[in-house]
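Below is one structure, written out as structure tokens, with a few remarks after it.
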Amino acid sequence: MGAQKKRAAAAAAAARVSEDPDDLARQPLQAILLADSFTTKFRPITLERPKVLLPLVNVPMINYTLAWLEAAGVAEVFVFCCAHSKQVIDYLENSEWFSQPNFTVKTIESHNIISAGDALRLIYEQNVIHGDFVLISGDTVSNMSLTQALQEHKERKKKDNNAVMTMIIKKSKPSPITRQSRLGTDELFMAIDPNTKQLLYYEDKADHSKGTICLDKMLLAENPSISLHNDKQDCYIDICSPEVLSLFTDNFDYQHLRRHFVKGLLLDDIMGYKIFTHEIHSSYAARIDNYRSYDIVSKDIIQRWTYPYVPDVKFCGNRATKLERRGICFTAFNSEIEQSRSAQVGSFTVIGYGTKIGSNSKISDSVIGEGCTIGSNVLIEGSYIWDNVIIEDGCELRHVIVCDGVIMKAGAVLKPGVVLSFKVVIGERFVVPAYSKVSLLQQPTVHDSDEELEYADNSSGTVEFSSIQGTADQSNGEMTSESSEAHKPKLGTGGVGYIWSICEGGQEEEWRHSVAPIPEDKLTELSEAMDDDQELVTQDRTALSTSGELISDSNASEGDDNEDSKDDSVYFEKEVEATFLRAVEENVKVDHVILEVNSLRLSYNMTSADCAGAVFYSMMKLAIKTPHSSAIGLLTLYPSPFSMVASNAYPIYLSGELQQNTANIITTWQKLLKSYLLEIDEEIEIILKFEEMCLESAKEFSPLFARILHILYDKDILQEDAILRWADEKEGADESDKVFVRQSEKFIQWLREASEEED
Amino acid sequence: MPDTQALVMTFLTSLKNATARQTAELLRSVISQQRVPYTNQAGALIDAVKAVGEQLIAANPVELAVGNIVRRVLHIIREEDLSLTTAAIGELNLSAVSDDENDDDRDGNTTLSAAAVAAAARSTLRPPSLQTLLEDTPVSAAVPQTSSSGAADKSSRSRKLKHDVIEAVNELIQDIVTCHEQIAEQAVEHIHQNEVILTLGSSRTVSEFLFAAKEKKRSFRVFVAEGAPRYQGHLLAKELVARGLQTTLITDSAVFAMISRVNMVIVGAHAVMANGGVIAPVGMNLVALAAQKHAVPFVVLAGSHKLCPLYPHNPEVLLNELRSPSELLDFGEFSDCMDFGSGSGSPLLHVVNPAFDYVPPKLVSLFITDAGGHNPSYMYRLIADYYSADDLVVQRRAIAGN
């Protein structure tokens with residue numbers, strides 16, 4: 001019924017469009033499905049089988065995409081096959097997709113394509129797309145209705161010919177700790193016009209260490225309102241006008257759909273092409289980009305967010321399964337499995353046709369394919385086991401992916417995050433270390449650092465595979481004798497396969513994209529790092545200090561009542577410092593900096609004495625850091641905690657150098673400082689501030705106090721009156737407070753004499 | 001039969017939720033395109049229908065109406081075949097009598113045929129007994145035996161059989177189409193002046209029923225429970241108000257509070273099982289329990305195509321359908337609760353959204369079908385009228401046949 005309604009609505013929309021005489025979109029809806037992700041994230045599995053044919057809850061991924069396209073009212077799909085194209089085409093030809101009424105699947109094959117951009121250029125040359133089309137990759141799972149998005153797209157297109165693309169987005173909160181979405185992709189920042197839904201900014205590779213993102217100020221000038229999101233997920237479903245293809249052809253350097261095309265369009269203001277977004281709420285859409293999203297999307301499917309594309313509802317290519325109640329939750333079963341009475345199959349588990357489960361085995365939160373044999377006392381938790389896998393007694397599998405035909409000998413253990421590629425054999429009682437990837441194929445030795453270069457040269461890959469497969473089919477002993485001795489002990493006795501060394505990004509990044517959940521210690525480590533970060537910031541804000549003890553002291557001494565105002569001034573100083581540093585970094589004119597600081601001063605309701613203090617503090621800070629940073633004098637905006645600590649821990653500077661630096665900076669920015677020194681009070685404030693710094697946060701300056709005071713005097717920043725009054729004020733202070741007065745005694749003496757002479 | 005196969009495929013893909021009428025229409029075209037051999041026409045038709053029916057049922061086992069219609073059509077074929085045989089033998093009998101020569105040979109033939117007819121009649125028309133259920137006789141054991149007599153009129157008879165079956169299926173389709181009206185005709189007998197009726201969710205049968213009573217100038221009030229999470233009750237309330245009925249919309253959870261003011265609960269059903277139990281939209285069991293607690297009659301409206309010859313504990317019966325949790329809550333808002341990437345990797349939040357409830361027969365006061373009102377305990381009799389015991393399990397036999 002729903003599908004029919006959708007169709008009727010789509011037909012109605014089409015009818016309305018065709019009334020419009022100059023609209024070319026009379027064509028039935030077409031779609032381009034890229035059956036190649038052009039990435040290497042699923043290696044080593046994708047060396048042997050294309051990603052779109054990998055089973056997702058026992059159904060090849062491409063079936064989800066095709067079933068959705070069909071239900072969404074797409075009439076014609078062009079499947080673009082590249083890596084392992086033969087496998088994809090064979091699969092499609094034997095599937096039901098070629099025999100569907102009202103739904104045509106055509107394949108386009110090419111072998112020398114290395115990016116989505118190339119693929120679209122090739123499709124453009126073939127001239128098969130005539131109207132609006134849906135651009136999707138074959139690893140996308142969705143159940144959304146296209147009708148509304150399509151209609152919006154068409155209406156926009158009619159009004160504005162430059163609205164070439166509508167991007168589907170969905171709300172999904174990123175994790176604040178790991179800075180990645182639940183699908184394991186990097187946190188995505190989008191700026192969207194809340195009224196028109198136009199996409200204005202797209203950044204998926206933001207540098208989190210900096211903690212900032214940069215928006216073009218023109219965006220703010222041109223748009224009355226912008227909403228900046230970090231809680232949107234890009235579904236990688238795009239409704240495109242035919243212009244998109246020609247755009248790819250015009251810009252032959254566009255490779256990546258998002259990194260090049262979307263960002264290119266957003267930056268390019270000559271042509272004025274626009275991209276819009278359509279947010280879906282109740283329906284589901286997600287793309288499987290890495291092992292983590294494979295895990296998450298599988299769980300979403302089992303939890304039925306993708307309804308009706310769930311294991312127990314029949315759509316093309318799956319066998320009917322039955323749900324059984326397990327506790328309060330449900331488990332999908334095929335009717336013909338053999339399960340021992342004592343085996344415990346937990347909730348949210350899918351078990352494929354013809355699988356045997358031995359006694360006392362425990363399975364939970366897992367997907368098990370067809371024809372598997374699972375021995376007794378096996379523990380399987382959160383794992384994905386594909387077809388015809390043999391797991392002998394007493395194995396343990398936690399959060400792993402096990403491909404077709406793998407044999408695990410008795411007692412083998414897979415640690416979280418392990419990926420076993422096709423037909424690997426794990427030896428008896430062998431423990432595969434966490435996050436390792438095991439394949440029959442050797443790791444490609446020439447490693448492409450360029451991420452755009454995708455699967456291995458697929459023809460050679462398959463040849464290699466078949467040869468190894470041939471040997472593997474022979475007796476095991478022969479296999480081990482033939483293959484290099486080096487890898488034999490790696491997988492235990494009788495094991496077959498190579499453990500790939502982790503290279504890309506190293507162990508460091510492996511946990512981010514793995515099927516295994518992020519380990520507890522990593523999370524605590526990260527959140528601690530985050531806390532440190534924040535703490536550091538607050539430290540800077542409160543006591544202008546970076547050493548922990550001092551800050552706690554000053555915090556403790558702070559009364560509760562003036563905490564607010566203290567807070568304010570702390571924030572203010574922080575902001576001024578940031579402004580100043582940015583000014584230095586970007587060579588902003590002094591006038592502009594004055595303006596900015598003034599606006600800060602107004603917003604925090606500060607006196608100009610506070611401004612002077614803050615600016616001076618920033619300048620001094622800069623002076624300290626300058627020798628420490630590179631010769632060019634570039635600064636990191638938010639220096640990492642380590643460098644800050646280092647600079648405090650080893651204050652070994654040549655005092656001459658530091659003095660020189662300070663002098664330089666004061667000379668450069670004296671105008672800025674002077675603009676706040678309206679009266680003598682502000683000047684005294686500066687001296688007091690400097691004194692405070694010398695005592696606490698920047699002890700490097702303490703030996704130089706008098707000299708820098710002199711410089712300030714020379715540069716006409718401080719008048720003699722100010723210095724003298726400061727000295728007078730300090731007269732009655734404690735001995736400890738008088739350190740610097742003492743130090744500059746000579747200078748003060750000289751000043752006194754000079755003024756007397758004048759008199 | 002490639003064309004039929006294509007039709008079946010269209011059907012399977014075009015619908016995840018087929019209606020009874022579409023099923024009947026599809027089976028009609030299956031029958032009309034089926035080539036009938038000279039012998040055992042009925043058997044051939046039954047096989048064809050079973051083969052298709054099996055696919056249809058497997059496509060969506062939750063939609064019990066599809067299976068019901070398949071079984072109804074099978075029953076129709078059997079009945080038509082039987083009546084044809086009886087008629088043919090009757091003719092033979094008649095001619096024998098009119099010939100008035102008491103030919104021994106002829107006489108023997110007639111008696112034999114008569115015996116066959118009697119046997120066939122017994123096997124087809126008798127109510128389902130334990131014996132018929134267990135007895136694994138070939139599907140059309142009675143049929144070839146009877147059709148073996150008389151060779152000359154076979155082709156005409158086969159055409160006649162097909163024709164009759166199609167006619168009967170047409171009638172079935174007509175019944176399905178008009179079932180709302182036939183049920184609605186009985187409305188005035190059940191809804192009285194100034195009564196308060198409570199219903200849950202939305203059902204076309206129920207709304208037609210209420211409209212019919214309204215048209216007959218009955219004045220009554222309706223409480224509509226909204227039917228979370230699909231909230232079809234909202235639509236029903238809109239329709240009722242458009243027809244000028246005094247309507248009160250309540251939440252499902254308020255049913256118990258309101259039931260004491262209600263005179264009768266009238267609801268629709270997804271399917272009626274052979275024991276008189278009802279599979280109905282989720283929340284119905286709550287309404288039925290509330291009604292029982294306050295001794296309010298709980299009336300279920302169901303077209304006869306919703307009558308399922310299976311028992312709720314049959315392994316073939318899939319009692320429930322779990323739908324997408326997105327009907328309950330917004331994925332985006334809860335996405336952080338479903339971040340499996342941290343912790344133990346197993347989801348801490350489970351959202352279960354079943355579509356149906358099972359209401360046991362003891363909670364149902366009355367069924368109103370297009371054939372009139374019935375007690376739950378009478379369901380077995382209706383089922384015996386509509387279905388033949390041989391067809392109760394469509395899949396198994398077909399697999400065995402293959």
Side-chain angles (χ1 to χ4, degrees), chain A residues 1-4 7 70 96 99-103 143 170-173 175 177-178 180-182 184 231-233 281-284 292 295-296 299-300 303-308 310 312-316 320 322-323 328-330 335 347-348 364-365 381-382 398-399 416 515-518 520 523, chain B residues 2-3 5-19 22 55-63 229 315-355 395:
Chain A
M1 217 56 155
Q4 279 173 351
R7 270 207 203 127
E70 196 203 7
E96 300 163 26
S99 57
Q100 298 289 318
N102 312 324
F103 185 66
N143 61 358
K170 181 164 177 59
K171 186 170 177 184
S172 171
K173 296 176 190 165
S175 157
I177 300 172
T178 56
Q180 61 179 9
S181 70
R182 63 192 290 274
D231 59 348
K232 302 289 182 220
Q233 166 202 327
H281 295 280
S282 63
S283 33
Y284 185 87
R292 162 71 37 80
D295 173 53
I296 302 282
K299 281 177 176 151
D300 286 342
Q303 295 225 29
R304 310 180 75 79
W305 287 100
T306 59
Y307 185 91
V310 289
D312 62 309
V313 174
K314 196 172 166 168
F315 60 96
C316 272
K322 271 195 173 177
L323 289 186
I328 51 159
C329 303
F330 291 84
S335 41
S347 56
F348 293 114
S364 63
D365 295 313
E381 209 180 274
R398 285 197 178 86
H399 308 289
V515 269
I518 301 166
E520 209 64 49
L523 276 180
Chain B
D3 357 343
Q5 197 53 40
L7 269 174
V8 174
M9 287 313 298
T10 337
F11 187 79
L12 288 182
T13 50
S14 73
L15 67 120
K16 293 286 178 239
N17 29 15
T19 63
Q22 286 166 309
Q55 289 183 54
L56 296 184
I57 293 169
N60 194 352
V62 186
E63 203 60 55
E316 291 81 16
V317 180
L318 200 59
L319 276 179
N320 221 330
E321 183 182 17
L322 292 175
R323 301 170 72 106
S324 169
S326 60
E327 286 176 348
L328 297 186
L329 47 81
D330 183 26
F331 185 84
E333 287 302 322
F334 283 82
S335 55
D336 42 351
C337 303
M338 282 167 299
D339 192 350
F340 314 128
S342 48
S344 68
S346 67
L348 291 174
L349 177 68
H350 298 162
V351 189
V352 180
N353 178 15
Q395 300 99 310

Max heavy-atom pairs within cutoff under 4.5 Å with chain B, candidates A/F103, A/Y307, A/W305, goes to A/W305
For A/T306, the side-chain contact (heavy atoms from CB on, under 4.5 Å) test, sequence neighbours excluded, returns A/V141, A/Y284, A/I301, A/Y309, A/V310
Taken in chain and number order and not counting sequence neighbours, the residues that satisfy side-chain hydrogen bond (donor to acceptor under 3.5 Å, both in side chains) with B/S326 are B/S324
CD (A/Q303) and CG (B/L349) are apart, to the nearest 0.5 Å, by 7.0 Å
To the nearest 0.5 Å, atom CD of B/E327 lies from atom CG of B/N353 at 5.0 Å
Okay, A/K170 and chain B: the region with an atom under 4.5 Å from a heavy atom over there is side chain
Whatever's closer than 4.5 Å to a heavy atom in chain A on B/E333 counts as both
